[in-house]
Amino acid sequence: MAGFSAEELSQDDFLGGRVRLLQPRQGYRAGVDPVLLAAAVPARSGMRVLELGCGGGQALLCLAARVPGLALSGLELQASYADLARRNAALNAADLSVFEGDLSALPVDLRHQQFDHVIANPPYYRAGAHSPAQDAGRQIALGGDTPLELWFDAAARRLAHKGYLHMIQRADRLPEMLAACLGRLGSVEVLPLSPRVGRGAELVLLRARKGGRANFRLHAPLVLHEGARHTDDRESYVPEIRAVLREGAALPWPK
């Protein structure tokens with residue numbers, strides 16, 4: 001598949017302009033989810049980070065803006081989005097290696113590498129469980145054929161001992177996520193993301209460690225917006241989340 005032409009792309013600012021991203025005008029466009037995912041990763045300069053299903057590189061480049069000196073790699077199934085990730089890396093002067101391939105058959109060069117952190121924002125819906133999208137790239141991003149278990153298996157294989165997986169996913173798929181950790185990853189923590197006080201979590205962030213032995217932890221929900229309901233068009237993020245999205249701050253992960 002050919003890459004996107006200049007006319008098919010818009011350039012958008014993330015993290016208050018710290019990151020600039022080319023995104024398809026028609027197709028998968030990143031929201032706040034990859035930004036929250038990147039902000040949850042406690043990476044340090046010199047560490048190696050892999051994103052499974054990196055799309056246009058949104059999460060990795062947001063992470064790089066917060067933590068300089070990382071060795072970044074991304075795996076992407078769709079050639080047009082892999083090309084876009086490379087273009088976005090160049091646009092942000094980031095060192096990012098992008099591999100094209102499938103989770104079930106990783107490229108040989110990637111199979112021989114180990115990482116301190118693996119991150120992933122898999123399709124939120126099971127194949128066929130959401131309304132069809134007109135754009136093929138968005139269709140794959142919303143509902144892939146790859147079971148969540150394969151995402152965890154690939155992550156566990158690529159993680160170094162004591163390395164961490166971070167994944168953001170719909171809350172109703174948490175049972176699948178926890179089942180996929182069994183025998184692969186330990187020290188599992190789940191941080192529910194609630195849109196407002198008194199509302200059930202729609203998304204969860206999962207953190208798990210290769211070789212981890214700590215007890216399972218289910219944290220209190222992290223509330224994203226102020227107020228009990230949306231009342232007007234102004235931005236209503238709570239200060240901690242606003243700092244993540246607009247200033248590139250780390251996510252306030254519970255102790």
Side-chain angles (χ1 to χ4, degrees), residues 32-44 46-55 58-60 62-64 66-67 70-76 99 102-104 106 110-111 113-126 144 146-194 200-222 224 244 250-255:
V32 302
D33 302 0
V35 184
L36 295 173
L37 173 64
V41 182
R44 300 188 304 276
M47 287 185 167
R48 297 168 57 81
V49 182
L50 168 67
E51 181 174 12
L52 301 176
C54 68
Q58 297 91 342
L60 287 171
C62 286
L63 177 58
R66 178 170 62 86
V67 186
L70 296 173
L72 302 175
S73 296
L75 174 70
E76 174 53 41
F99 299 85
D102 193 297
L103 285 172
S104 61
L106 296 181
L110 190 55
R111 276 185 248 160
Q113 298 187 46
Q114 297 284 290
F115 297 87
D116 302 291
H117 294 279
V118 173
I119 64 176
N121 181 13
Y124 283 165
Y125 301 93
R126 301 172 186 87
T146 306
L148 272 181
E149 183 178 12
L150 284 184
W151 290 78
F152 281 85
D153 189 66
R157 291 178 184 275
R158 298 280 59 79
L159 279 171
H161 184 61
K162 298 299 183 181
Y164 284 98
L165 166 68
H166 287 80
M167 180 181 289
I168 190 167
Q169 182 55 257
R170 282 170 54 94
D172 62 2
R173 302 196 71 182
L174 180 58
E176 294 175 69
M177 299 167 73
L178 295 177
C181 286
L182 293 174
R184 295 185 176 96
L185 300 166
S187 301
V188 179
E189 300 181 47
V190 173
L191 178 61
L193 302 177
S194 175
E202 296 177 0
L203 299 173
V204 293
L205 277 164
L206 179 141
R207 172 183 288 178
R209 195 173 196 185
K210 187 169 183 177
R213 297 180 178 275
N215 291 332
F216 171 74
R217 297 183 68 191
L218 176 61
H219 296 292
L222 179 62
L224 304 183
V244 168
L251 191 85
W253 192 274
K255 298 295 185 183

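This structure is a prediction, so every number in the text was calculated from the model and none was measured.
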Keeping the roles fixed (side chain from [X], backbone from [Y]), state whether a donor-acceptor pair exists under 3.5 Å.
X	Y	value
E76	G55	yes
K210	A160	no
R170	Y125	no
R66	A43	no
R207	E189	no

Would you sort out whether F99 and Q113 count as a side-chain contact (heavy atoms from CB on, under 4.5 Å), showing the intermediate values? CA-CA 12 Å; F99 299 85; Q113 298 187 46; 3.6 Å; yes
Which heavy-atom pair separates [X] from [Y] by the least distance, and what is that distance?
X	Y	result
A171	P175	O-CD, 4.4 Å
A155	L165	CB-CD1, 3.9 Å
P252	V244	CD-CG2, 4.4 Å
G200	S194	O-OG, 4.1 Å
S104	L150	CB-CD1, 4.4 Å
C62	A38	CB-CB, 4.0 Å

Aromatic ring pairing H219/W253, orientation class (parallel under 30°, perpendicular over 60°, tilted between):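 Plane angle over 60°, so perpendicular.
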Please examine the side chains of [Y] and [X], heavy atoms only from C-beta on, and report whether any two atoms are closer than 4.5 Å.
X	Y	result
V35	Q58	no
L193	I168	yes
P192	L218	yes
Y124	L203	yes
P122	L148	yes
D153	L103	no
L50	L159	no
E51	L63	no

Value rounded to 0.5 Å, distance of [atom1] in [X] from [atom2] in [Y]:
X	Y	atom1	atom2	value
L178	F152	CG	CZ	8.0 Å
T146	D102	OG1	CG	5.0 Å
M47	H117	CE	NE2	4.5 Å
L52	I119	CG	CD1	9.0 Å
F115	R48	CZ	CZ	5.0 Å
L251	L222	CG	CG	5.5 Å

Take V49 and V67 through the side-chain contact (heavy atoms from CB on, under 4.5 Å) test and state the conclusion after the steps. CA-CA 11 Å; V49 182; V67 186; over 6 Å; no
V204 and M177: CA distance, side-chain angles, deciding distance, side-chain contact (heavy atoms from CB on, under 4.5 Å) verdict: CA-CA 10 Å; V204 293; M177 299 167 73; 4.1 Å; yes
Got more than 12 heavy atoms from elsewhere within 6.0 Å of CZ, R157?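 At most 12 heavy atoms, drawn from other residues, nucleotides or ligands, come within 6.0 Å of this atom.
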Stepwise side-chain contact (heavy atoms from CB on, under 4.5 Å) check, L205 with L37: CA-CA 7 Å; L205 277 164; L37 173 64; 4.1 Å; yes
Would you call E149 and R184 a salt bridge, taking side-chain N to carboxylate O under 4.0 Å as the test? yes
